[in-house]
Amino acid sequence: MTDRESWPRDWSVEQLHADHAQALRITAEFYDSATAHQRLRVFENPTFGRVMTLDGVVQVTEADNFIYHEMLTHVPILAHGAARRVLIVGGGDGGMAREVLKHQGVAQLTMVEIDGTVVDFCKSHLPSISAGAFDDPRLDLVIADGADFMRMNADLYDVIIIDSTDPVGPGEVLFTNSFYGHAKARLAPGGILVTQNGVPFMQGAELSNTMRAFRALFADATCYLATVPSYAGGAMAFGWGTDGRARDVDLATLQSRFAASAIMTDYYTPAVHLGAFALPPYVARLIG
Ligand code: SAM
C-alpha cells in the first residue's frame, strides 16, 4: 500500500475522507501557496485540465466544472421562473457567477467569498472558469465570511446558492443550523436555497445534517443529484429548501423557460432537471 507520503511527487493526493484518497497526476504546477485562510494549489492534469485545490481538496477543474455549476444555478433559477436577485456564498473561482449571469432576468448578483486571494488567483490563472463574470456590472463581489454576511445582511434574494468548500476549515460555519436559519430569513417569498452537499456515498452524515435542518425550516426540503467526476465517490447531492412550490414545475414549463433563456448547456436540460430529484433509496434514507 503506497501511503500518502511516499506517493510520487508529481501527483496531487486528495484525502478528504478517512479511508479513501483520490490522486491526480500533475503535468505542470502553476501555484502552490497558503492564503490567509487555506492552501491554494493550481496544476494541470491531462484529463481534467487545470485543477484548483484548497487544502488539498479538489474545488474546480476546467474539464468538469460545467456539471456542478449548471446544476446549482439553472435548476433553482428555472424552477423559480422569475429570479431577479441572486446570492452566492463562496464561489471564488467564478464558475457559479458565470452560469447565474447567463440569465438575463437576473438583475443583481451578490457573491460573498471569504478569500479574496482565491478570486484574484482564479481571475488570472483559471480565467476560463469565470469567463468574464467578474466584469459583469450586475455582480457585487463582497470579500467576507458568508456566515457573518448572512447574519448581518438585510436584503432578500430569490435564489441563494451555497458554493462552499466542505465542512472543514472556513467552510464549516456554512453547514450549521444557525447559518441555514439566517439564510432562510434572507429569502424573498417563494425563494429557494440550494447547497453544495458533498457525495452522499462518502459524506452521508453531512447530507443528513443539512436535511434535518432544512426539514425544520422549509415546507419543501429535499436534495437532487448529479455526478461530477472530480468529486470522487459517486453522485453529488445538492440541498434544496423552499417554502414555495417551485419543485412542482412541469416539464413543458421548464422547457419554455429554458428555451426563452437561450442558454447553451452541456449537462443541464429540463428533463435532467426533473430526473435529478429522483432519489435512489440509499440517498432517500439519508434525507429521512
Ligand atoms: N465546487 C467546490 C466544492 O463543491 O467543494 C466549491 C468551490 S468554491 C472554490 C468554494 C469557495 O468557498 C472557496 O473559494 C472558499 O474560499 C469559499 N469559502 C469557504 N468558506 C467560506 C465562508 N465561510 N464564507 C465565504 N466563502 C467561503
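None of these values were measured; they are calculated from a predicted model. Start at 1 and go down the list; that is how both ligands and their atoms are numbered.
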Heavy atom of the protein closest to atom 16 (O) of ligand 1 (residue, atom name, distance) | Glu113 OE2, 2.6 Å
If we number the atoms of ligand 1 from 1 as shown, the ones under 4.0 Å from a heavy atom of Met236 are 4 (O)
Side-chain donor-acceptor contact under 3.5 Å, Thr110 with Gln108 | yes
Just checking, Arg186 and Tyr157: is the charged tip under 6.0 Å from the six-membered ring centre and within 45° of the axis?
-> no
Can you hop from Leu54 to Val51 via hydrophobic side chains spaced under 4.5 Å?
-> no
Just need the protein heavy atom nearest to atom 22 (C) of ligand 1, so name the residue and atom and give the distance.
-> Leu174 CD1, 3.6 Å
If you measure from OG on Ser130 to CZ on Arg98, what distance do you get to the nearest 0.5 Å?
-> 8.5 Å
A student checking ligand 1 against Asp163 at a 4.0 Å heavy-atom cut-off should list atoms 1 (N), 6 (C), 7 (C), 8 (S), 10 (C), 11 (C), 12 (O)
A student checking ligand 1 against Tyr231 at a 4.0 Å heavy-atom cut-off should list atoms 1 (N), 2 (C), 3 (C), 4 (O)
Validation row, ring centre Phe175 to ring centre Tyr180 under 6.0 Å = no
Quick one: does Ala147 get within less than 4.0 Å of ligand 1, heavy atoms only?
-> no
For atom 9 (C) of ligand 1, what is the nearest protein heavy atom, given as residue, atom name and distance?
-> Asp93 OD2, 3.2 Å
Report, in ascending order of atom number, the atoms of ligand 1 lying under 4.0 Å from any heavy atom of Val173.
-> 23 (N)
Go through ligand 1 atom by atom and flag the ones less than 4.0 Å from a non-hydrogen atom of Met52.
-> 9 (C)
Step through the shown structure and confirm whether more than 12 heavy atoms of other residues, nucleotides or ligands are within 6.0 Å of CZ on Arg84.
-> no
At under 4.0 Å between heavy atoms, which part of His37 makes contact with ligand 1: side chain, backbone, both or neither?
-> neither
Ligand-residue contact atoms, ligand 1 with Gln196, heavy atoms, under 4.0 Å = 3 (C), 4 (O), 5 (O)
Go through the side-chain N and O atoms of His74 and His103 and say whether any donor and acceptor fall under 3.5 Å apart.
-> yes
Using a 4.0 Å heavy-atom threshold (strictly under), name the region of Val57 that reaches ligand 1: side chain, backbone, both or neither.
-> neither
Nearest neighbour in protein (non-hydrogen) for atom 5 (O) of ligand 1 | Ser164 O, 3.4 Å
Phe43 and Phe30: aromatic ring centres closer than 6.0 Å?
-> no
Are Gln38 and ligand 1 in contact, using a heavy-atom cut-off of under 4.0 Å?
-> yes
For atom CE of Met152, is the number of surrounding heavy atoms from other residues, nucleotides or ligands below 6.0 Å larger than 12?
-> yes
Report, in ascending order of atom number, the atoms of ligand 1 lying under 4.0 Å from any heavy atom of Val118.
-> 14 (O)
Regarding Asp93 and Gln59, is there a side-chain donor-to-acceptor distance under 3.5 Å anywhere?
-> no
Heavy-atom distances under 4.0 Å are what count here, so tell me which part of Thr165 touches ligand 1: side chain, backbone, both or neither.
-> both
Report the nearest protein non-hydrogen atom to atom 27 (C) of ligand 1: residue, atom name, distance rounded to 0.1 Å.
-> Ile114 CG2, 3.5 Å
Establish, from distance only, whether the side-chain atoms of Thr27 and Glu44 form a donor-acceptor pair under 3.5 Å.
-> no
Among non-hydrogen protein atoms, atom 24 (N) of ligand 1 lies closest to Gly146 N, 2.8 Å
Output, in order, the C-alpha distance, side-chain angles, deciding distance and verdict of side-chain hydrogen bond (donor to acceptor under 3.5 Å, both in side chains) for Asp115 and Thr35.
-> CA-CA 8 Å; Asp115 197 335; Thr35 74; 2.5 Å; yes
Using a strict 4.0 Å cut-off to heavy atoms of Val112, name the atoms of ligand 1 that fall inside it.
-> 25 (C), 26 (N)
Nearest to atom 23 (N) of ligand 1, what protein heavy atom do you find, and at what distance?
-> Pro170 O, 2.9 Å
Judged by modelled atom types alone, do His273 and Tyr268 share a side-chain donor-acceptor pair under 3.5 Å?
-> yes
Min heavy-atom dist Val60 to ligand 1 below 4.0 Å | no
Phe149 touching ligand 1 at heavy-atom level, < 4.0 angstrom = no
Contact region, Ala144 to ligand 1, non-hydrogen atoms below 4.0 Å, reads backbone
Is Leu109 reachable from Phe134 through a run of I, L, V, M, F, W or Y residues, each pair having side-chain heavy atoms under 4.5 Å apart?
-> yes
Polar atom proximity, Asp166 to ligand 1 (N or O, under 3.5 Å) | no
Return a yes/no value for Gln59: is any of its N or O atoms, backbone included, closer than 3.5 angstrom to an N or O of ligand 1?
-> yes
Without hydrogens or angle criteria, can the side chains of Thr210 and Asn197 be said to hold a donor-acceptor pair below 3.5 Å?
-> yes
